[in-house]
Each structure stands twice: as C-alpha cells, then as structure tokens.
Amino acid sequence: MSLAAFRSGTLGRRLLLGALAWVLATLVATGLILTDLFRNHVERQVRGELLMHLNQLTGHLELDAAGRPQVLRELSDPRFRKPYAGLYWQVDGADGQPRLRSRSLWDGAIGLPPGPLQAGTREEYRLIGPDGASLLVLSRVILPESGQGKPEALRLLVAVDEAVLQQPVRDFAGILALALGLLALGLLAAVGLQLKLALGPLERLRRDLAQVRAGRLERLRGNYPGEVQPLVQEFNGVLDHDAVVLERARTQAGNLAHALKTPLSILANAAAREPGELGRLVQEQVATARRQVDYHLARARAAAAGQLPGQQAVVRPLLEGLLRVMGKLHGERGLHLELLPLPDPVNFRGDPQDFQEMLGNLLDNACKWAASRVEVAVASAAGMLEILVEDDGPGLPEAVRAAVLRRGVRADEATPGSGLGLSIVSDLAGLYGGSLELESSPLGGLRARLRLPAA
C-alpha cells in the first residue's frame with residue numbers, strides 16, 4: 001500500500017498522521033531543549049572569558065605617583081584595540097565617571113547605573129552600548145593600594161556584544177534544524193515502510209475480497225498474519241455456509257416445483273377429458289397456477305443466488321448454446337441466428353442458470369416474432385454487461401413496451417405464451433442490479449437491451 005493511496009479516514013492515514021504529529025512534536029521539543037542547552041553553554045563560556053579579562057584588567061591596573069589609575073599592559077584579546085569590535089573594558093571612578101577605557105570604545109563610554117561603590121562586589125548588567133548594541137557587562141569594585149592617603153574606589157568592567165553570544169546559537173540552531181529535519185524525513189520514511197509492511201496484508205485482503213465479490217475467487221486464499229487469519233477463516237466459513245444454504249434452497253425449490261407440478265398435471269389431464277365449462281375453467285386455473293409457480297420459483301432462486309458472492313458465468317459458451325437450442329426449436333422457420341463478435345473476456349457476475357433463464361426468454365421471444373433474422377450483441381463498460389437481442393419482426397409500439405414488462409401481459413393473445421417471459425427477465429435483472437429496456441431495432445423489429453453486472 002503506497003502513501004499516495006492513503007485517503008481521508010483510512011487506518012493508514014490515521015497512523016501516518018499520528019506518527020507525523022508525534023515525530024514533529026518530539027523533534028521540535030528536542031530542538032528547543034538542545035538549543036537552550038547550547039545557549040546556556042555559550043553564555044557560561046562567554047562569562048568565563050569576561051571574568052578572565054576582568055582578572056587581567058585587575059592585575060594590570062596600578063596607580064601612578066599622582067594616584068591616578070593606569071593599565072600597565074594591554075589586555076591579551078586584540079579586539080580591545082579595534083573600534084567597536086564587540087569587546088570592551090572601562091575603569092570608572094567613585095563618581096561614576098570613566099577614568100580609563102579600551103580603544104574599542106573609541107570616543108564612547110559604558111554608562112552603568114549610579115550608586116555607592118563597595119570594594120569586593122561583582123555584578124552583571126545588560127546594557128545598550130555606544131554603538132547601540134546590547135552588551136553583557138561584568139563589573140568589579142576594587143580599592144587599589146596607594147602610598148598617598150586613602151585610595152579612590154574604582155569600578156572595573158568588561159563588556160561583550162551579545163551578538164557574540166547569539167551568532168553561535170543561531171548557527172547551531174540552523175545546523176540542528178537541518179539535522180533534525182533530515183532525521184524527521186528518515187523517521188517518516190521508516191514509519192511509511194513500517195505501515196506498508198504492517199498494513200500490506202489488509203490491502204491484500206481487500207483485493208482478495210474484491211476478487212470474491214467480482215466472482216473471480218470462490219473463497220479467500222493464502223496465508224495472513226495471526227491477527228488477520230481468524231477473520232479470513234470466519235469469512236470463508238460464511239461463504240461455505242451461504243453456498244450450502246443456496247444449494248439447499250435450490251433443492252427445496254426443485255422439490256416444491258415437482259410436488260406442485262405433478263398434481264397440476266393430473267388436474268390438467270383430468271380437465272382435458274372433462275367436456276363443458278367446468279373442464280375449461282379447471283384448465284385455465286391450472287395454467288395460471290403453473291405460471292405462478294414458475295415465476296415465483298425463478299424469483300426465489302435469483303434472489304438467493306444474487307446474494308451469494310463469488311459466482312460468475314462465462315457469457316460466450318452460454319449464448320452459443322442458447323442459439324443452438326433456439327435454432328432447433330424454430331428450425332422449421334429457417335431463421336438466421338447470429339452472435340456478433342464479443343469482447344474477450346466477458347463474464348456475468350451471477351448464477352449461470354439465471355443468465356440462461358433471462359437470455360432464453362429474450363431469444364425465444366425474438367424468434368417467435370422475427371421474420372428471418374435475430375442478432376445478439378454484447379458490450380462491456382463501467383462494470384456492466386449490455387446485451388442486445390434484436391429481430392426483424394413487426395416490432396412493438398412504444399405505448400405497449402412498458403406494459404409487456406408487467407407480469408401476465410401479452411402483446412398478442414394469438415401467439416402462444418404465458419405473458420411471464422419478459423416480466424421474469426425484468427425482475428431477475430432487477431435482482432442483480434440491472435435492467436431491461438425495449439427499443440426499436442435498426443433491423444425493423446424489437447431490440448431488447450439487457451444490462452447485467454460484469455465479473
């Protein structure tokens with residue numbers, strides 16, 4: 001089962017969407033946590049460097065003979081000597097005014113909040129620098145030694161542009177997003193493969209069920225996983241049970257027909273030997289009873305067969321056999337019976353006996369009315385068979401066509417027949433989800449258009 005086959009509401013789509021949501025949520029949470037951990041690591045590293053520079057500044061700071069602070073040596077990082085390089089130092093007096101500053105500050109200064117200076121304190125600030133950048137500032141208050149009275153408290157500070165912290169984090173987040181994206185694709189591919197392997201038996205089961213429904217298989221075959229095999233066995237058991245029930249119904253129908261027809265035949269023979277009105281009346285009622293028995297038995301058999309999946313009939317040999325039979329029945333009339341070329345293969349999804357019942361009635365009706373020719377054509381489209389039976393007889397007026405499809409109605413009382421043939425065909429076709437229509441034929445007579453499900 002391919003991913004493209006996942007439709008809305010299918011089990012595969014639900015599992016895929018659930019896995020997708022879980023994978024994305026997990027990877028997003030992982031990305032946020034790792035990025036935050038990396039940001040904390042970078043900040044700790046930068047704070048460590050700032051503390052190192054602050055210690056260097058403290059060690060290099062002395063007071064001159066006049067008591068003014070001076071830095072004996074440049075700090076080790078060259079960024080302190082490049083204007084606005086992102087790394088700065090500054091020495092403030094007790095009044096908060098800068099006494100010394102790095103070249104990187106150029107002509108600017110870092111303004112800390114005013115307040116009393118207490119020797120030994122160390123603080124951290126986040127401020128806006130001279131170039132408008134956000135700075136992380138680390139400060140320390142010292143009381144330098146001086147040989148001239150009480151020395152002035154000095155506040156030493158080093159600062160770094162926060163872009164120095166953010167840029168590595170952004171680079172790391174980009175690389176992490178790419179890696180997690182590739183991981184997500186790999187996981188989704190693995191999930192898709194897992195779903196294909198896990199749901200493959202269900203897709204095979206669906207195809208086999210369609211084959212059974214179409215009549216190409218009589219039962220489900222093959223080995224399925226342990227979770228599915230009991231369902232397959234139960235389904236095959238239902239098919240076997242239905243087949244037994246159908247066969248029993250057919251047997252009972254045949255027994256009923258035999259049980260009814262034998263006494264009806266006795267009554268008919270007795271009435272034939274009885275002259276007068278009573279004999280004629282009995283003969284008419286017996287004929288009516290025979291027609292009703294034939295009609296309802298045909299409907300009962302078709303209803304049972306139509307509900308049983310897995311049945312199909314090959315159309316060509318059935319039609320060829322029916323045409324041979326009709327040729328013999330109407331041989332004295334010299335009719336030309338022709339079966340036009342059929343598409344191959346053509347199968348009817350239903351019981352072969354019902355197919356013979358319907359086509360036998362249509363062909364018999366066409367042969368009764370044909371002048372010299374009967375044609376049969378078969379086409380298949382959209383899962384349906386379309387069978388055309390045409391003759392060159394006198395045809396049937398349009399106003400009468402709907403009426404003759406009703407049970408017991410005959411187009412011509414002078415022509416032998418029960419008036420049940422077309423009605424049985426129409427009812428049987430309806431039980432299979434098909435239809436029967438009567439039209440004018442290009443041959444000059446009547447065309448019967450029978451639609452039945454194809455296998």
Side-chain angles (χ1 to χ4, degrees), residues 35-174:
T35 302
D36 188 63
L37 291 175
F38 183 75
R39 181 183 294 107
N40 292 336
H41 169 73
V42 171
E43 289 185 358
R44 285 195 301 269
Q45 188 176 26
V46 170
R47 285 189 178 91
E49 293 179 358
L50 287 179
L51 182 59
M52 180 194 67
H53 294 316
L54 186 59
N55 291 335
Q56 279 188 345
L57 181 60
T58 303
H60 296 342
L61 182 69
E62 290 186 358
L63 298 179
D64 60 10
R68 293 187 298 269
Q70 60 180 355
V71 177
L72 299 180
R73 290 190 303 274
E74 289 286 348
L75 273 63
S76 60
D77 198 309
R79 288 177 292 175
F80 286 117
R81 298 185 290 274
K82 183 179 179 181
Y84 302 120
L87 192 61
Y88 315 101
W89 63 262
Q90 184 174 297
V91 179
D92 291 348
D95 58 359
Q97 296 300 317
R99 298 291 190 268
L100 298 171
R101 58 191 174 191
S102 63
R103 182 175 177 80
S104 57
L105 281 171
W106 196 241
D107 56 353
I110 301 174
L112 294 181
L117 302 182
Q118 184 177 357
T121 60
R122 193 177 72 187
E123 296 178 336
E124 181 179 310
Y125 303 93
R126 291 186 184 271
L127 303 171
I128 301 300
D131 60 344
S134 178
L135 301 180
L136 174 62
V137 182
L138 199 63
S139 73
R140 172 187 292 161
V141 178
I142 64 173
L143 193 63
E145 295 180 358
S146 174
Q148 301 179 359
K150 185 178 180 179
E152 176 188 22
L154 299 175
R155 179 158 57 184
L156 312 182
L157 59 92
V158 291
V160 64
D161 191 337
E162 287 201 35
V164 175
L165 284 77
Q166 297 170 357
Q167 187 59 45
V169 175
R170 284 196 295 267
D171 294 342
F172 174 80

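Residue numbers run from 1 in the order of the sequence given. Just so it is clear, the values below take in all heavy atoms, side chains as well, and ignore hydrogens, waters and symmetry mates. Everything numeric in this text was worked out from a predicted model, so none of it was measured.
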### Message
Less than 4.5 Å apart, side chain to side chain, heavy atoms only: is that true for Leu135 and Arg126?
### Response
no
### Query
Can you tell if the side chain of Val169 reaches within under 4.5 Å of the side chain of Thr35, non-hydrogen atoms only?
yes
### Message
Please report the interatomic distance CG(Asp95) to CD(Gln97), rounded to the nearest 0.5 Å.
### Response
5.0 Å
### Query
Which pair of non-hydrogen atoms, one from Gly111 and one from Leu127, has the smallest distance, and what is that distance?
O-CD1, 3.6 Å
### Query
So Tyr88 and Tyr84, would you call those rings parallel, tilted or perpendicular, with 30° and 60° as cut-offs?
perpendicular
### Message
Do Glu49 and Val158 make a side-chain contact, defined as non-hydrogen atoms from C-beta onward lying under 4.5 Å apart?
### Response
no
### Query
Where the side chain of Gln90 meets the backbone of Leu157, is there a donor-acceptor pair that is under 3.5 Å apart?
no
### CD1-CG distance between Ile142 and Leu61, expressed to the nearest 0.5 angstrom
5.0 Å
### Task
Can you measure from CZ (Arg155) to CD1 (Ile110) and round to the nearest 0.5 angstrom?
11.0 Å
### Message
Is it the case that atom CZ in Arg170 sees more than 12 heavy atoms from other parts of the structure closer than 6.0 Å?
### Response
yes
### Task
Given side chain to side chain contact (heavy atoms under 4.5 Å, CB included), test Arg101 with Val91 step by step and report yes or no.
CA-CA 6 Å; Arg101 58 191 174 191; Val91 179; over 6 Å; no
### Task
With rounding to the nearest 0.5 Å, note down the distance linking CD in Gln166 to CG in Asp161.
8.0 Å
### Query
Which atoms form the tightest heavy-atom contact between Val141 and Ala153, and what is the distance?
CG1-CB, 4.5 Å
### Spacing of CG belonging to Leu50 relative to OG belonging to Ser139, to within rounding of 0.5 Å
11.0 Å
#### Entry: Thr121 and Arg140, any side-chain heavy atoms less than 4.5 Å apart
no
### Task
Report yes if the side chains of Trp89 and Leu75 come closer than 4.5 Å at any heavy-atom pair, otherwise no.
yes
### Query
Rounded to the nearest 0.5 Å, how far apart are CG of Leu156 and CG of Leu57?
5.0 Å
### Heavy-atom pair with the smallest gap, counting every atom of Ala85 and Arg79
CB-O, 3.3 Å
### Query
Within the side chain of Arg68, is there an N or O that forms a donor-acceptor pair under 3.5 Å with the backbone of Arg99?
no
### Query
Where is the tightest heavy-atom contact between Leu87 and Ser104, given as atom of each residue plus distance?
O-OG, 2.7 Å
### Message
Run the salt bridge (charged side-chain N to carboxylate O under 4.0 Å, His left out) test on Glu124 and Arg47 for me, step by step, so that the C-alpha distance in whole Å, both residues' side-chain angles and the decisive distance to 0.1 Å come before the verdict.
### Response
CA-CA 10 Å; Glu124 181 179 310; Arg47 285 189 178 91; 2.9 Å; yes
### Message
A side-chain contact here means heavy atoms from C-beta on lying under 4.5 Å apart; do Arg81 and Ser102 qualify?
### Response
no
### Query
Salt-bridged, Glu43 to Arg39, with N to O below 4.0 Å?
no
### Task
Please work out which of the three classes, parallel, tilted or perpendicular, describes the rings of Phe38 and Phe172, given edges at 30° and 60°.
parallel
